[in-house]
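Notes follow the structure.
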Amino acid sequence: MTTPRGADIVAQTLARAGVKQLFSLSGNHIMPLYDAALDADLAITHTRHEGAAVHMADAWGRLTGEPGIAVLTGGPGHANGVGALYTALASESPMVLLSGHAPLRELGQGSFQEMAQADMAAPVVKASWTSQSAATLGDDVARAIRVATSGRPGPVHLSLPFDLLEANVDAPSVSGAFRAPPQRLDEAAVDAVSRLLAQARRPLVLAGAVMASDRSHGLRERLADALGVPVICMESPRGLNDPAQGTLADVVSRADAIVLLGKLPDFTLRFGKPPAIAEACRIAVVDPEAAVLQRALDVLGSPRVVLGAVADTLAAAQQLTDRSPGPKADGWTEEVEAALRFRPPEWEAIATRADGPVHPVEVGRAVQALVDASRDPVLVSDGGEFGQWAQACVAAPTRVINGQGGSIGSAIPFALAAKIARPGAEVVAMTGDGACGFHLLELETAVRNGLAFVVVVGNDACWNAEHQIQLRAYGKARAHSCELAPTRYDQVAIALGAHGELVTSAAGLPAALARAAASGKPALVNVMIERLPAPTVGAARSS
Ligand SMILES: Cc1ncc(C[n+]2csc(CCOP(=O)(O)OP(=O)(O)O)c2C)c(N)n1
Ligand SMILES: [Mg+2]
């Protein structure tokens with residue numbers, strides 16, 4: 001056998017870790033990796049923008065629990081991908097960004113596309129570094145995967161200098177595990193958390209993104225059943241005002257005991273200040289990071305925080321499920337479930353004129369029908385006000401949303417990755433017209449790779465979320481520069497080889513969605529919608 005190159009070590013280490021799929025945009029610095037991918041049997045989905053490749057790796061991480069791998073070229077390619085890492089970080093998604101890099105031997109001499117790549121990625125990843133030796137490239141890759149998947153999962157960046165990828169390696173190091181053992185809650189803490197919940201009258205468990213029903217493989221429901229306590233996963237930058245969670249703010253403000261299970265006490269909880277969380281509420285914080293426990297004490301105040309313990313979210317949830325004293329049955333859980341399900345009753349009566357722009361609730365209704373008719377539906381949601389309507393109106397067992405980072409533009413890459421991860425799934429992405437433009441050309445990637453999914457664009461010809469801020473903050477006369485053209489994104493889709501539908505009335509929506517789903521291609525349904533502010537479900541109930 002010939003002596004392997006550094007690039008072969010990287011590719012074979014990925015293969016040993018179980019990786020089969022890379023998301024990439026090519027470039028000089030990473031062509032050795034493309035070559036090595038052949039022998040390591042790694043498929044490459046080649047995107048049209050580096051940000052899309054990172055979003056795809058993010059969606060892969062969330063949907064499979066295995067790290068998504070993005071491979072970008074050095075310098076500007078890397079820089080183009082960095083912004084998308086923030087979405088993965090905020091959604092606790094395990095993924096690794098491998099970027100080509102100027103050769104070590106030329107650093108400081110003005111090498112082609114030389115850039116401080118690790119420094120650039122550092123603020124939006126768990127760990128970021130540049131490999132320093134070809135012999136230890138395998139260790140670096142193993143460490144990147146281990147860090148991405150352990151504790152609070154998240155993105156990791158590793159820069160791979162070109163000279164290391166090309167170097168022949170006689171004795172590669174093969175140490176380094178791909179997984180770290182989970183951090184378990186100590187038994188005294190299991191007892192204390194169980195007792196706190198059992199003694200409370202209105203207890204809640206608020207969990208971070210990894211406890212979403214699909215990502216936790218139903219552990220969220222099992223924990224709630226075992227404890228007899230509502231377990232609520234918070235994934236939205238709207239936080240307590242997430243319109244997909246009804247009147248969540250109301251039940252959280254009334255809770256007398258809260259366990260923050262991998263949930264940061266951040267802006268989404270209004271930093272726990274009363275009345276968001278009552279002054280008298282007792283709070284336990286279970287988190288993979290010791291630093292978060294300290295932050296929770298500072299933010300929430302020591303008398304309210306009765307317990308802090310380090311543990312991985314899923315491990316702790318499983319321990320609490322196994323040890324729970326048995327369900328309580330006092331009506332509180334039912335009350336909370338009803339609050340989360342609550343939507344303003346007047347939404348049911350919403351019906352738009354036969355010829356007018358469609359109300360987002362009607363779009364949601366039609367998409368829900370498609371979701372309900374599917375065996376394995378995956379809902380993707382993105383965009384400003386339309387994204388909020390989508391999440392409030394459509395429920396699906398598996399969701400990939402742009403998430404707490406609140407960064408727009410990821411819908412089409414997410415849909416693509418979802419279809420690769422789950423080939424049998426019916427993937428439906430709902431996105432605003434502004435957000436869909438970020439990565440619209442990835443429809444060509446989908447066509448090229450034979451991936452069929454449906455993108456529903458809520459087209460209000462506007463960056464409406466920002467337009468609404470202008471209306472609220474500065475008044476109608478000063479609302480400017482947020483208009484978009486009422487663009488025929490459906491025709492763009494057709495030009496790219498995808499299926500396209502234009503919908504200008506609610507009546508035409510179900511048939512257009514059905515044709516899109518049956519087209520066997522990536523499909524874009526361009527729905528001209530009413531330009532409305534995002535729903536405020538909690539406020540609707542109290543008014
Ligand atoms: C990467 C990024 N850029 C800008 C923003 C600010 N932003 C949030 S929503 C929004 C408007 C989105 O427009 P569209 O997708 O059409 O949704 P709409 O609000 O019109 O329903 C903008 C510009 C952001 N959140 N993320
Ligand atoms: Mg819009």
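Just so it is clear, the structure is predicted and the values come from calculations on it, not from any experiment. Atoms within a ligand are numbered from 1 in the order they appear, just like the ligands themselves. Hydrogens, waters and symmetry mates are skipped; everything else that's a heavy atom, side chains included, is used.
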Pair K263-T268, side-chain donor/acceptor within less than 3.5 Å: yes
Backbone or side-chain N or O of G434 under 3.5 Å from ligand 1 N or O: yes
Ligand 1 versus A465: contacting region, heavy-atom distance under 4.0 Å: both
Pairwise side-chain contact, D287 with L260, heavy-atom cut-off 4.5 Å (strictly under): no
Identity and separation of the nearest protein heavy atom to atom 11 (C) of ligand 1: W463 CE3, 3.8 Å
Under 2.8 Å from the Mg ion (ligand 2), the protein N, O or S atoms, given as residue and atom: D433 OD1, D460 OD1, C462 O
Side chain to side chain contact (heavy atoms under 4.5 Å, CB included) against E466, all qualifying residues, sequence neighbours excluded: I469, C482
Any N/O pair F386/ligand 1 closer than 3.5 Å: yes
Side chains of T130 and Q117, donor plus acceptor under 3.5 Å: no
Trace of the side-chain contact (heavy atoms from CB on, under 4.5 Å) decision for L160 with L33: CA-CA 10 Å; L160 302 168; L33 272 175; 3.9 Å; yes
S128: side-chain hydrogen bond (donor to acceptor under 3.5 Å, both in side chains) partners, not counting sequence neighbours: none
Ligand 1 atoms in contact with A435 (distance to a heavy atom under 4.0 Å): 14 (P), 15 (O)
Distance-only N or O hit between ligand 1 and G406, under 3.5 Å: yes
Those atoms of ligand 1 less than 4.0 Å from some heavy atom in S407: 1 (C), 26 (N)
Short N or O distance, C436 and ligand 1, threshold 3.5 Å exclusive: no
pair L379-Q391: side-chain heavy atoms closer than 4.5 Å: no
Heavy atom of the protein closest to atom 17 (O) of ligand 1 (residue, atom name, distance): G384 N, 3.1 Å
Any donor-acceptor N or O pair under 3.5 Å, side chains D140, W129: yes
Donor-acceptor side-chain pairing of S213 and R220 below 3.5 angstrom: yes
Sub-3.5 Å N/O-N/O distance, G383 and ligand 1: no
From the candidates I408, I529, N464, D382, the one that places a heavy atom nearest atom 2 (C) of ligand 1: I408
Residue part near ligand 1, for D460, under 4.0 Å between non-hydrogen atoms: side chain
Pairs where residues 396-414 contributes a residue and the test side-chain hydrogen bond (donor to acceptor under 3.5 Å, both in side chains) is met, not counting sequence neighbours: E235-R399, D266-Q404, D382-N402, T398-R422
Taking atom 10 (C) of ligand 1 as the reference point, the nearest protein heavy atom with its distance: E466 OE2, 3.4 Å
Donor + acceptor pair across side chains of R488, N459 (<3.5 Å): no
Distance-only donor-acceptor check, side chains H49 and T47, under 3.5 Å: no
Polar contact flag, side-chain donor to acceptor under 3.5 angstrom, H46-S26: yes
Within-cut-off N or O pair, E385 and ligand 1, under 3.5 Å: yes
